[in-house]
Amino acid sequence: MRLRALVALVIVLGGAPAVPAHAFTEEQPPPAAPKLEAGLAADEDGARAIVELAAPAQAGQVAGEARSLPETDVVLQPQDTSFIVVQGTGESLTELAKDPRVVSIRRDRTYSPSSLASGLTLVGADRAHAEGADGRGTTIAIVDTGVDAAHPALGGRVVRQACFSVVDEGVRSLCRNGQDTDTSELAADATVPACVDGQVNLCEHGTHVAGIAHAVAPGADIVAVQVFSRLDDCDDTGAPCVTAYESSLLLATEYLTRLKDTVPGLVAVNMSLGGGLYDGSCDGEPEVQEMKGRLDALRARGVTTVAAAGNEGSVGAGVPGCLSGAVTVGATDDADRVPEWSNHGSVLDLFAPGVEVDSSVPGGGIAIYSGTSMSTPHVTGALAVLAQRAAETGADPSADALTGRLTAAGRPIVYAGVAVPRLDLYGALTGTAPSPGVTQDPGDPGDSVEDDPSPDPGAQTPPVAPTQAPVPLPLPTVTVTVTVTASPVDPAPVAPAKPAMCVRGTSKRTLSPVGWAAEFGPGKGTLTDTTLRCYLGMVGKASRVFPELTGASTPATARKVLKPAKRTKRSTFERELLAAWLNWANGAVNLTAKVGGTTTVRDALTVAEDRRLRGSFPSASASLLNKRVNARRT
């Protein structure tokens, strides 16, 4: 079940009458899932979409059909792959979906980077190294923003590189050759000119992640895979940023699956990135089936995908972390406390150190970052160390066996009522019993929505029913591009500095659309531009409507939605919806709070977004959000 909550997949909010449960028989099978993702048909401006095909051999014919449609172009047609990427309007994509060779059409979503010594000691890596267990004979892959292979902290261990980077209007390749695919020797170089903006390197995330994995497993070889692209105009200031498209991730996983044939020591893939947010396993979600299949194929061949849970401070994880084929990692500090920004819950497999971790950045420098991105490579490196020992002792080297040893040895961290082990590499290596568990109460002062102190006496709360009774629908997961805060390009080591984290606010007061428009106005609000951009990034992950269908991804574009030039049913509906999401990001609204009867804020948003994606703007939904979510409260 998915949630939709913070910083880089989709679903909708429903608002139709309650759907009764049905018992389907062999004579009356359940209806087939629609080929076209909800909302695409109503997209008049055009969208970049992945077209899944029944077989790779059909790609050429379907691509030809797509090119014949009005206002449609094939922007990516990989060889020997069962998908193409098409840019087209809702009308043209609807027509293409009629082709029997087309299995599904969905948005080509974007993913964002989830933003050592003490951690190495905490997980016992130093003791493992002292006993000769350092990952030698194994290989790990870092799927990220590329790597500075010449960085001295990586010890020359980067032995292969590849790049899959989208090229499109306003989107630049980060491959060394400037194309959308590159498998040459320096294909994933994080110091290429496209990665640099003035004195800032936009691609340093991958080098930082690689440095952590290498510190845990210094004997392991590294395959660097660049999957991000550069956008030169990410906000109203014209600042650039990087983002990864799902199609690039699919090509990267296919490349690594083939690489296993020639590099049998490949044991783990690190993905410190994510799209959307699901509050449980997303294995059954239609839009993630291709990704699930690729991760399952890697795991069946002994290659474990290790994924960041995300930094939204919520229950759940983004894609690929919400998939059962991945090992999903949350963050703890050196005292085994879970920071407020780490995602958590039963979907996680492990916690690992992720607070103020110093590691390499391009140009030979060192920087300190916090995030589940930093926790994830601790586990990736640990798998390499265990794989080395398994090869030496004849133990079971399968992905399930190695992961099982890590989870069995970890110190239990009980957080929000769920026990998740914290990585203990030395314990897993030696088979010792885990350390005594620790319990932490997460607490959340912003997780309450009080009753409106001055309700309209004549107002009635319209009934809202989840579209899938009795199980609540997950909130939409949407694509979002997040600016990567990068350190200056400087060959000298950078002085440690604590980076700012993008987390939910702690406000107890909601704002109306007018109040939020003032916040986004130049020099008028109390929140900083950095905070507002952080909140918009959270909304982009939580909502399927924003920013994809409205373009509300920057302070300036958000203000246009909140304070439209012309009031219509659509603009009134969208401004209340955006304000509700912003109030959630600011901490004043909890998704599980009641807005009337058994209806929760999550239900109300799910209904509203479902209707918006279908091109409907009901006054009842706008009124509910206005009176029961966005009304001012103390």
Side-chain angles (χ1 to χ4, degrees), residues 5-7 45 112 170 231-241 312 446 449 452 454 478-485 500-589 601 605 608-609 612 617 621-634:
L6 307 185
V7 135
D45 298 327
S112 307
L231 284 68
D232 280 324
D233 188 9
C234 296
D235 57 29
D236 50 312
T237 68
C241 61
E312 291 77 47
V449 175
D452 191 336
S454 55
V478 172
T479 69
V480 62
T481 301
V482 178
T483 301
V484 176
T485 304
M501 289 295 300
C502 177
V503 298
R504 284 184 65 200
T506 58
S507 175
K508 290 184 177 295
R509 184 179 185 184
T510 60
L511 296 179
S512 66
V514 172
W516 278 111
E519 287 292 338
F520 283 98
K524 295 183 179 180
T526 61
L527 300 173
T528 66
D529 284 349
T530 298
T531 299
L532 292 174
R533 289 192 178 93
C534 165
Y535 288 173
L536 287 174
M538 293 181 181
V539 171
K541 269 195 167 181
S543 164
R544 190 180 180 183
V545 169
F546 304 107
E548 290 191 10
L549 299 188
T550 64
S553 59
T554 69
T557 54
R559 191 167 189 269
K560 291 180 180 179
V561 174
L562 295 162
K563 192 177 181 179
K566 182 179 180 181
R567 294 290 293 272
T568 63
K569 287 184 66 175
R570 172 175 173 170
S571 66
T572 299
F573 182 93
E574 289 182 347
R575 69 199 294 259
E576 294 293 346
L577 182 58
L578 179 55
W581 278 119
L582 289 168
N583 282 321
W584 165 79
N586 200 27
V589 170
V601 173
L605 290 170
E609 293 215 337
R612 170 61 183 85
F617 317 102
S621 287
S623 177
L624 175 63
L625 295 175
N626 173 275
K627 296 180 182 297
R628 305 303 297 172
V629 179
N630 297 330
R632 289 182 178 272
R633 352 177 159 261
T634 301

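Quick note: numbers below take in every heavy atom, side chains included, and nothing from hydrogens, waters or symmetry partners.
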| Shortest non-hydrogen separation from Ala558 to Leu536 and the atoms involved | CB-CD2, 3.9 Å
| query | Taking atom CG of Asn626 and atom CG of Leu577, what is their separation to the nearest 0.5 Å? | reply | 12.5 Å
| message | With side chain to side chain contact (heavy atoms under 4.5 Å, CB included) as the criterion, how do Val601 and Trp584 come out once you've worked through the C-alpha distance, each side chain's angles and the decisive distance to 0.1 Å? | response | CA-CA 9 Å; Val601 173; Trp584 165 79; over 6 Å; no
| said: Please give me the minimum heavy-atom distance between Arg504 and Val589, naming the atom from each residue. | reply: NH2-O, 3.0 Å
| note | In terms of heavy-atom contacts, Phe573 and Ala608 come closest through CZ-O, 3.2 Å
| Is there side-chain contact between Glu576 and Pro513, with at least one heavy-atom pair below 4.5 Å? | yes
| Side chains of Asn583 and Trp516: closer than 4.5 Å at any heavy-atom pair? | yes
| task | Output yes when a side-chain donor or acceptor of Thr510 lies under 3.5 Å from a complementary backbone atom of Ala631, and no otherwise. | result | yes
| task | With the side chain counted from C-beta on, respond yes when Leu511 and Leu582 share a heavy-atom pair under 4.5 Å apart, and no when they do not. | result | no
| query | So which heavy atom on Ala580 is nearest to which on Val629, and how close? | reply | CB-CG1, 3.8 Å
| query | Excluding sequence neighbours, so at least two apart, what forms side chain to side chain contact (heavy atoms under 4.5 Å, CB included) with Thr531? | reply | Leu527, Thr528, Tyr535
| Can you check whether Arg509 reaches Asn586 side chain to side chain, under 4.5 Å on heavy atoms? | no
| request: State, to 0.1 Å, how close Lys569 and Phe617 come at their nearest heavy-atom pair, and which atoms those are. | output: CE-O, 3.5 Å
| query | Can you check whether Pro564 reaches Arg575 side chain to side chain, under 4.5 Å on heavy atoms? | reply | yes
| note | Separation between OG (Ser621) and CD (Glu609), nearest 0.5 Å, reads 11.0 Å
| Lys563 side chain near Val514 side chain, heavy-atom distance below 4.5 Å | no
| said: Which residues pass the salt bridge (Lys or Arg N to Asp or Glu O under 4.0 Å) test with Asp529, not counting sequence neighbours? | reply: none
